[in-house]
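A short worksheet on the structure shown next.
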Protein chains: 2
Amino acid sequence: MLERIHLAIVQEVARQGSLTAAADTLCLTQSALSHSVKKLESLLGTAIWRREGRQLIPTQAGEYLLAVANRVLPQLNQAEERLRQYAEGERGTLRIGMECHPCYQWLLKLVAPYLARWPDVDVDVKQKFQFGGIGALFGFEIDLLVTPDPLFKPGLRFEPVFDYEQVLVVPRSHRLAGATHVLPRQLAQEILITYPVAPERLDVFNQFLTPAGIAPRQHRSIETTDILLQMVASGRGVTALPRWLVEEYATRMDITPVRLGRHGLKKQIFLGLRESDDDVDYLQDFVEMARG
Amino acid sequence: MLERIHLAIVQEVARQGSLTAAADTLCLTQSALSHSVKKLESLLGTAIWRREGRQLIPTQAGEYLLAVANRVLPQLNQAEERLRQYAEGERGTLRIGMECHPCYQWLLKLVAPYLARWPDVDVDVKQKFQFGGIGALFGFEIDLLVTPDPLFKPGLRFEPVFDYEQVLVVPRSHRLAGATHVLPRQLAQEILITYPVAPERLDVFNQFLTPAGIAPRQHRSIETTDILLQMVASGRGVTALPRWLVEEYATRMDITPVRLGRHGLKKQIFLGLRESDDDVDYLQDFVEMARG
DNA sequence: ACCATCCATGAGATCGACTCATCTATGCTG
DNA sequence: CAGCATAGATGAGTCGATCTCATGGATGGT
């Protein structure tokens with residue numbers, strides 16, 4: 001039988017590159033590991049690694065086993081953590097996934113009152129997912145997904161939580177500052193700074209520039225909102241963000257929003273959750289609070 | 001540590017309802033099970049079942065553990081099966097999920113030449129999924145999803161494999177037989193027979209009747225294509241199916257297709273697969289063959 | 001009241017997994 | 001090329017987790 005320890009061994013050997021090193025972190029002797037591996041290989045009837053000199057090269061089976069380990073072990077760890085929480089009377093951890101960079105600010109405002117209301121619930125926010133946000137929901141890596149792209153499919157439920165307008169952000173001294181709106185071609189000579197996300201997933205591209213066949217003069221990316229806006233304020237480029245976020249920063253930074261297109265770029269943010277969690281009260285309440 | 005055997009115990013007890021019965025199928029004595037359970041509960045620090053007389057009622061932790069078991073154990077079983085196939089030099093099993101009832105016929109025609117071309121690959125078809133077809137892909141229950149609803153998300157890839165027209169099927173003696181097309185209101189007095197799927201997921205509803213605000217006189221459902229068409233042929237009602245499928249049956253049944261709406265109801269079928277399987281040759285070849 | 005059947009428990013047996021000591025192979029270095 | 005550090009492999013022996021066996025107490029049906 002394929003046991004948890006086997007997966008842990010495969011994962012750790014992949015991480016460390018050698019049995020000896022892996023033995024250390026697994027709190028076993030090198031000998032024990034060697035025995036275990038030998039037994040597992042004879043059990044499976046196939047080698048897991050090719051021994052090339054003192055290197056261990058995963059075979060096809062080894063690669064596959066590693067993929068299984070990386071997928072299954074986190075589920076078991078999470079299960080143990082949750083059971084520990086049940087045992088200690090805690091309510092659990094609300095694991096929120098974000099697929100919407102600027103929503104982080106919005107989330108922060110929501111989390112404070114939520115934590116006050118649910119003292120026994122912890123909140124954890126993740127932003128990177130092996131198989132995307134939807135995959136993370138299905139894979140029980142997260143319990144709640146903040147995303148602009150809902151997916152109405154069996155097994156999942158999406159609730160709209162707020163509408164906003166995506167606007168161009170320019171320094172107050174910029175030639176476009178004060179314009180009622182901006183058209184795609186007016187950005188052709190600009191340096192556009194965005195979060196480090198594929199352009200086809202950025203609204204300013206897929207709903208504004210790309211349909212018009214326009215590309216900005218240059219496209220750069222920056223991780224954090226603060227730095228990004230400081231770059232804009234200092235005239236290094238322009239960016240696109242939710243209007244509410246820009247208005248917040250505009251009080252202390254030299255930036256101003258401009259409508260994208262004649263009618264503005266209207267967006268909606270959704271919260272996605274598993275239907276099987278419909279009866280988890282502290283989860284539903286988060287959705288309530290987010291909507292309210 | 002939460003081990004595989006623990007999950008198996010929880011799952012089996014849930015299935016059988018008693019420790020004694022579960023012990024039997026797990027090839028253990030009742031005593032061993034009792035000991036294991038006791039130890040696990042003390043390890044977790046929480047009870048898994050409430051003992052009510054001679055009944056075992058799962059606690060909240062027990063319910064959760066069962067959900068984990070039902071999710072994780074199939075992944076481990078599948079992994080073992082696949083490793084066994086690696087060991088024996090077989091290529092593996094192509095597990096296909098279907099979210100499109102009539103596509104079954106199309107699939108059958110494709111599978112025969114595929115099996116001939118890949119003698120070491122088995123094909124398995126599933127039609128029921130715990131979390132829907134997409135969930136099954138993400139959860140590694142299936143490797144390939146046949147669906148009319150693609151989902152372009154990171155982690156998954158969807159390939160269109162064929163276009164078809166959804167048509168109304170009526171008996172040749174029907175008043176609509178021979179009409180160039182049919183309008184929604186002309187179905188208001190008909191009995192509509194479909195596969196047993198929620199109306200909002202049926203094209204004839206969500207793309208034809210519902211937008212026009214029309215409902216059929218009655219809506220019934222039947223599992224199998226053959227029986228369904230025999231019902232139609234005998235004048236018990238009408239249905240909606242792909243044109244190619246109807247034309248096949250029309251040679252030996254008293255039925256005829258009619259276009260839905262002035263311009264017909266055009267559909268497309270997609271094959272969905274995980275991006276992480278991009279290098280699995282026998283999987284990619286299936287997509288190739290399906291497209292060709 | 002009695003019996004069948006459930007789960008719990010203690011004692012003892014058993015088998016698997018771990019450690020220790022040691023061996024061999026590899027690759028680096030002077 | 002010799003010497004050394006370090007990798008994995010292996011055999012023997014120990015230890016402990018987990019199993020079985022035997023039995024007890026509780027429950028529910030007849």
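The CG-P distance, from L26(B) to dT18(D), rounds to 15 Å in whole Å. Regarding I57(A), its CD1 atom lies at a distance of 12 Å from the P atom of dG8(D), rounded to whole Å. In this structure, the CG atom of L33(B) is 13 Å from the C1' atom of dT20(D), given to the nearest Å. Q16(B) places its CD atom 11 Å from the P atom of dC6(C), with the value rounded to the nearest Å. Counting to the nearest Å, the P atom of dA17(D) and the CE atom of M1(B) are 15 Å from each other. dA7(D) atom P lies 18 Å from atom CD of E52(A), rounded to whole Å. If you take CG of D24(A) and C1' of dA7(D), they are 14 Å apart, rounded to a whole angstrom. Rounded to whole angstrom, the span from the CG atom of L56(B) across to the P atom of dT27(D) amounts to 14 Å.
Checked by distance alone, Q30(A) brings no side-chain donor or acceptor within 3.5 Å of a matching partner on the base of dA7(D). One donor-acceptor pair, N or O on each side, does fall under 3.5 Å between the base of dC20(C) and the side chain of S31(A).
The ring of H35(B) lies on top of the base of dT9(C), close enough and flat enough: under 5.5 Å between centres, under 30° between planes.
Residue S18(B) is classed as a sugar-phosphate contact, given heavy-atom separations below 4.0 Å to backbone atoms only. If you check every strand for non-hydrogen atoms under 4.0 Å, Q55(A) touches nothing.
At a threshold of 4.0 Å, the pair R291(B)-E159(B) counts as salt-bridged, since one of the basic side-chain nitrogens sits closer than that to a carboxylate oxygen. With salt bridges taken as basic N to acidic carboxylate O contacts below 4.0 Å, none links E81(A) and R95(A).
In the set dA8(C), dA7(D), dT19(C), dA7(D) carries the atom at the smallest distance from any side-chain atom of T20(A). Counting only heavy atoms from C-beta on, R51(A) has its side chain closest to dA9(D) among dT19(C), dC19(D), dA9(D). Closest approach to the S34(B) side chain among dT20(D), dC18(C), dC7(C) is made by dC7(C) (side chain taken as heavy atoms from C-beta onward). You'll find that the side chain of K39(A) is closest to dG16(C), out of dT19(C), dC19(D), dG16(C).
The phosphate of dA8(C) has neither OP1 nor OP2 within less than 4.0 Å of any side-chain N or O from K38(B). The phosphate of dC19(D) (OP1 or OP2) has a side-chain N or O of S36(B) nearer than 4.0 angstrom.
With no hydrogens or angles considered, no side-chain donor-acceptor pair links Y64(A) and T59(A) at under 3.5 Å. Inspection of the T194(B) and H219(B) side chains reveals an N or O donor paired with an N or O acceptor under 3.5 Å. In the model, Q75(B) has no side-chain atom that pairs as donor or acceptor with a side-chain atom of R71(B) under 3.5 Å.
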